[in-house]
Colleague: 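The structure under discussion is supplied below as structure tokens; questions concerning it will follow.
Keep in mind the model is a prediction, meaning the values are calculated, not measured.
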Amino acid sequence: MKKLLKIAFWIVISLLFALSFAIVTQIYNPQEKINALWIVTAAATFYMLAYRFYGAFLAAKVLALDETRVTPAYRLNDNTNYYPTNKWVLFGHHFAAIAGAGPLIGPVLAAQFGYLPGFLWILIGSVVAGGVHDMVILVASIRKDGKSLAEIAKEEIGPVTGLAALFAVLFILIVAIAGLGLVVVNSLYNNPWGTFIIAMTIPIALLMGVYMKSIRPEKVLETSIIGIVLLLITVIYGRHILGTSIEGFFTLNQHNLAITLAVYGFVASVLPVWLLLAPRDYLSSFMKIGVILLLAIGVVAVHPDLHLPALTQFIHGNGPIIPGKLFPFVFITIACGAISGFHSLISSGTTPKMIENEKYALPIGYGAMLTEGFVSMMALIAAAVLIPGDYLAINTHLSFDTLAQMGFPVDKINDLSKLVGIDLAGRPGGAVSLAVGMAYIFSSIPFLSHLMAYLYQFAIMFEALFILTTIDAGTRVARYVVQELGGYVYKPFGELRSLSGNIIASLLVVIAWGYFIYTGSVQTIWRMFGTANQLLAMLALCIGTTVIIKMNKIKYIWVTLIPMLFMLSTTFTAGITLIIEYIPKALSSQPDAYSFMINIVLLGLMILLALFILLDSVYKWYGFITGKRPIGNNKEQPSQYSKEFPKMSD
């Protein structure tokens, strides 16, 4: 009976998905206006099915997760880097680390193509590409004692490829941080209220760090309550600085904000992790999960209709937000919402050193990516509920008349600006339109209808915390890579405990990404960010394919090989397209010609490094598959848990 109920349950979920998918894609009743509730239903049911069936297939057949295998968290336990952590606590840490601004901003920018392309790629990509990518690299790192992606590449493919992967990771991180930082700049310039809120999160995080470290050690709940209360007070009080002498101090232009952000990134990278990075991540994880759940509840309660069409004329190119055709730029623009190369750095970073049971790779590696896909769907909805003309007015510098001539008349932008207290027009980057969409949904709830300004600034803070978390972690990881590379030249520089090495490496990294923010625009930087991020994902899938082959699971290499080939086609097409587009600008006499030359060089280096790693991998695959190159005893024998390593309960 119990088995029949389970079967009936999954049949109902499948039918519900089929109905909602048919409505959203306009297969069924194409004349009907699409309600956001159908997108939520389609995403939730499909991710349930994917986790139950495809995730279980990956865990049982492809990776053969073994709960009796002793994880590095126990075997190498040092109470610092390696430490067994509760499954759900680790899920929260992992999700907070991987869910940066990409899943929020990418879908909003890609909405210029219409809601349908983004919906389809987020839905399918997170299941067959992103989730597979994260889970395979996590398991590979667990079985290699928590080694990094570059170290796995070095061991599985070869030392030259390992070094090339290290350079590729560095270049990609710099571009990724620049892309995310530019979003913060565009959402906060000439916005003293928002800038004040974000500035105050720094002393709040410092207070939390000191409180947990020295004043009330391990009082996590107590510290959390203090941090959240202070955060809400900051949002409410922030409005009162307007019209005072303090307002001018927090009213910054884009260049000043870029410099301020770079200074912050340097300080965050140099300070001890427990003082700023850890408490900010912890604080932002509450915000991330809580706000997304509230947004989902808001969508269910308000069930707004989508104003954005399924497809726009920009699928053929010449988009005012993201220039370029639907292929490959919808995939490049959405980036982290479906698959993210940055996740491979987390899946081969802290998470494998803390996981207490190998079987937890399914909920943590695969489940967290599906959760991020759901976050991306919420962001897409927030953009799609806006009037298309208003959406474009916020995300471009085009005049209202020009937008009307293009077929997108501006409707409520002036009213929305009055409600939130700032001029919303001409603030590209996705963050502002996302905040407006979120505030619009929340304010449609009766008892929140008069709080539009507060809700908008709260949404901006929510997004900025996402982004700053990624900038904090990304700058620190890039600093580690610079020190590791520098260690080949001067060994003491590679010591992570070296203060001089820490400062010099942090300075080099911050100057690099700060330069791109200072000189770039969303149209250039976000496409480079997306290309770089997806290129790293392609490389991680390439390395993951090697791992599966060396596990003697050749018949299952399609699970990584197919998404790898797709990512190869999108990233190389995008990269070459951007280089061709930038060459005339770099050779012109315009003021930013030098910046375009730098962009060309960086894109070219990333593509060449990726091509080298890919060709070297294919050569090794041929040897492994034909038997000309010994695979070796790569498949570890499961070690039974003993008294020294007690089996952890669920």
Colleague: What distance separates Leu306 CG from Leu37 CG, expressed to the nearest 0.5 Å?
Modeller: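 It comes to 10.5 Å.
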Colleague: Would you say that Val477 contacts Leu173 through its side chain, given a criterion of any heavy-atom pair below 4.5 Å between the two side chains?
Modeller: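 Of all side-chain heavy-atom pairs linking Leu173 with Val477, at least one is under 4.5 Å.
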Colleague: What residues form a ring pair (Phe, Tyr, Trp, His ring centres under 6.0 Å) with Phe314, not counting sequence neighbours?
Modeller: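 Ring pair (Phe, Tyr, Trp, His ring centres under 6.0 Å) list for Phe314, sorted by chain: Phe408.
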Colleague: Between CE of Met538 and OG1 of Thr560, what distance do you get to the nearest 0.5 Å?
Modeller: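 Interatomic distance, Met538 CE to Thr560 OG1, rounded to 0.5 Å: 13.0 Å.
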Colleague: Among side-chain atoms of Thr41 and Ser20, is any donor-acceptor pair under 3.5 angstrom?
Modeller: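 Short answer, no.
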Colleague: Can you list every pair that meets ring pair (Phe, Tyr, Trp, His ring centres under 6.0 Å) and has a residue in residues 290-310, with sequence neighbours left out?
Modeller: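 As it turns out, there is no ring pair (Phe, Tyr, Trp, His ring centres under 6.0 Å) pair with a partner in residues 290-310 once direct neighbours are skipped.
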Colleague: Please evaluate residues Leu231 and Thr201 with respect to the criterion side-chain contact (heavy atoms from CB on, under 4.5 Å), reporting the C-alpha separation (whole Å), side-chain torsions for both, the decisive distance (0.1 Å), and the verdict.
Modeller: CA-CA 7 Å; Leu231 212 54; Thr201 63; 3.6 Å; yes
Colleague: Which pair of non-hydrogen atoms, one from Tyr456 and one from Ile422, has the smallest distance, and what is that distance?
Modeller: OH-CD1, 3.4 Å
Colleague: Which residues pass the side chain to side chain contact (heavy atoms under 4.5 Å, CB included) test with Ile23, not counting sequence neighbours?
Modeller: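 Result, side chain to side chain contact (heavy atoms under 4.5 Å, CB included) vs Ile23: Leu19, Tyr28, Ile34, Trp38.
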Colleague: Quick one, Leu380 and Leu308 - any side-chain contact, counting heavy atoms below 4.5 Å?
Modeller: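 Of all side-chain heavy-atom pairs linking Leu308 with Leu380, none is under 4.5 Å.
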Colleague: Looking at residues at least two apart in the chain, or sitting in another chain, which of them share a side chain to side chain contact (heavy atoms under 4.5 Å, CB included) with Ile177?
Modeller: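 In terms of side chain to side chain contact (heavy atoms under 4.5 Å, CB included), with neighbours along the sequence ignored, Ile177 is linked to Ile471, Thr475, Trp513.
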Colleague: Ring pair (Phe, Tyr, Trp, His ring centres under 6.0 Å) with Tyr440: which residues, sequence neighbours excluded?
Modeller: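 Result, ring pair (Phe, Tyr, Trp, His ring centres under 6.0 Å) vs Tyr440: none returned.
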Colleague: Which side-chain hydrogen bond (donor to acceptor under 3.5 Å, both in side chains) pairs, counting each pair once, include a residue from residues 373-396, with sequence neighbours left out?
Modeller: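 For residues 373-396, and leaving out neighbouring residues, the side-chain hydrogen bond (donor to acceptor under 3.5 Å, both in side chains) pairs sorted by first residue read Asn395-Ser433.
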Colleague: Within a radius of less than 6.0 Å around CG of Asn29, do more than 12 heavy atoms belonging to other residues, nucleotides or ligands occur?
Modeller: yes
Colleague: Any side-chain heavy atom of Val139 within less than 4.5 Å of one from Leu65?
Modeller: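 A side-chain contact under 4.5 Å exists here.
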Colleague: About how many Å separate CG of Leu578 and CD1 of Ile607, when rounded to the nearest 0.5 Å?
Modeller: 8.5 Å
Colleague: Test your reading of the model: is there a side-chain donor-acceptor pair from Gln313 to the backbone of Met406, 3.5 Å cut-off?
Modeller: yes
Colleague: Going through the distances and angles, do Tyr366 and Leu138 end up as a side-chain contact (heavy atoms from CB on, under 4.5 Å)?
Modeller: CA-CA 10 Å; Tyr366 196 70; Leu138 175 58; over 6 Å; no
Colleague: Go through the structure and list residues passing ring pair (Phe, Tyr, Trp, His ring centres under 6.0 Å) with Phe572, not counting sequence neighbours.
Modeller: none
Colleague: Are the side chains of Met135 and Leu63 in contact, using a 4.5 Å heavy-atom criterion?
Modeller: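 A side-chain contact under 4.5 Å exists here.
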Colleague: Could you report the tightest heavy-atom contact between Ile321 and Gln112, atom names first, then the distance?
Modeller: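 Of all heavy-atom pairs spanning Ile321 and Gln112, the closest is N-OE1, 3.1 Å.
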Colleague: Checking Tyr556 now: which residues fulfil ring pair (Phe, Tyr, Trp, His ring centres under 6.0 Å) with it, not counting sequence neighbours?
Modeller: Phe57
Colleague: Please find the pair of heavy atoms, one from Ala379 and one from Val108, that lie closest to each other, and give the distance.
Modeller: O-CG2, 3.7 Å
Colleague: Does any N or O in the side chain of Ser344 come within less than 3.5 Å of the main-chain N or O of Gly341, such that one atom is a donor and the other an acceptor?
Modeller: yes
Colleague: For Gln254, give me all partners under side chain to side chain contact (heavy atoms under 4.5 Å, CB included), at least two apart in sequence or on another chain.
Modeller: Val185, Asn186, Tyr189
Colleague: Under the criterion side chain to side chain contact (heavy atoms under 4.5 Å, CB included), which of Leu188, Ile517, Asn191 is the partner of Leu257?
Modeller: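 It is Leu188; the other options fail the test.
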Colleague: For Thr570 and Pro328, work out which heavy atoms get closest and say how close.
Modeller: O-CB, 3.5 Å
Colleague: Are the side chains of Ser347 and His94 in touch, meaning some heavy atoms are under 4.5 Å apart?
Modeller: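 When only atoms from C-beta onward are counted, His94 and Ser347 do touch, with a gap below 4.5 Å.
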Colleague: With a 4.5 Å limit on heavy-atom distance, are the side chains of Asp305 and Val385 in contact?
Modeller: no
Colleague: Per the side-chain hydrogen bond (donor to acceptor under 3.5 Å, both in side chains) rule, what does the pair list look like for residues 114-142, sequence neighbours excluded?
Modeller: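 Of all non-adjacent pairs touching residues 114-142, those that pass side-chain hydrogen bond (donor to acceptor under 3.5 Å, both in side chains) are Tyr47-Ser126, Asp134-His343.
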Colleague: Identify the two heavy atoms, one from Val235 and one from Ile197, that lie closest to each other, and give their separation to 0.1 Å.
Modeller: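 So the minimum-distance heavy-atom pair works out to CA-CD1, 3.9 Å.
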Colleague: Start with the C-alpha gap between Leu561 and Met564, add the side-chain angles, then the distance that decides, and say whether side-chain contact (heavy atoms from CB on, under 4.5 Å) holds.
Modeller: CA-CA 5 Å; Leu561 187 61; Met564 186 208 81; 3.9 Å; yes
Colleague: Given 3.5 Å as the limit, does a donor-acceptor pair link the side chain of Arg527 with the main chain of Ala574, or not?
Modeller: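 The answer is no, because no donor-acceptor pair under 3.5 Å joins these two groups.
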Colleague: Could you check whether any side-chain heavy atom of Leu603 comes within less than 4.5 Å of a side-chain heavy atom of Met528, counting everything from C-beta outward?
Modeller: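 Leu603 reaches Met528 side chain to side chain.
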Colleague: Rounded to the nearest 0.5 Å, what separation is found between the OG atom of Ser340 and the CD1 atom of Ile98?
Modeller: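 Spacing of OG (Ser340) from CD1 (Ile98) equals 8.0 Å.
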Colleague: Would you call the rings of Phe21 and Phe119 parallel, tilted or perpendicular, taking 30° and 60° as the class edges?
Modeller: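 Tilted: the ring planes of Phe21 and Phe119 meet at 30° to 60°.
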Colleague: Ile297: what forms a side chain to side chain contact (heavy atoms under 4.5 Å, CB included) with it, not counting sequence neighbours?
Modeller: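 Ile297 satisfies side chain to side chain contact (heavy atoms under 4.5 Å, CB included) with no other residue.
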Colleague: Side chains of Phe91 and Tyr360: closer than 4.5 Å at any heavy-atom pair?
Modeller: no
Colleague: Within this structure, what is the CG-OG1 distance for the pair Leu602 and Thr531, rounded to the nearest 0.5 Å?
Modeller: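 Reported to 0.5 Å precision, the distance equals 11.0 Å.
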Colleague: Drop me the distance from Leu536's CG to Ile172's CD1, to the nearest 0.5 angstrom.
Modeller: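 Reported value, rounded in 0.5 Å steps: 4.5 Å.
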Colleague: Which heavy atom in Ala393 sits nearest to a heavy atom in Val410, and how many Å separate them?
Modeller: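 Result for this residue pair: CB-CG2, 4.0 Å.
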Colleague: Output side-chain donor-acceptor pairs under 3.5 Å for residues 330-339, partner residues at least two apart or in another chain, one line each.
Modeller:
residue	atom	partner	partner atom	Å
Thr333	OG1	Phe329	O	2.5

Colleague: Could you go through the side-chain contact (heavy atoms from CB on, under 4.5 Å) check for Phe113 and Leu311 one step at a time?
Modeller: CA-CA 6 Å; Phe113 298 110; Leu311 297 170; 6.0 Å; no
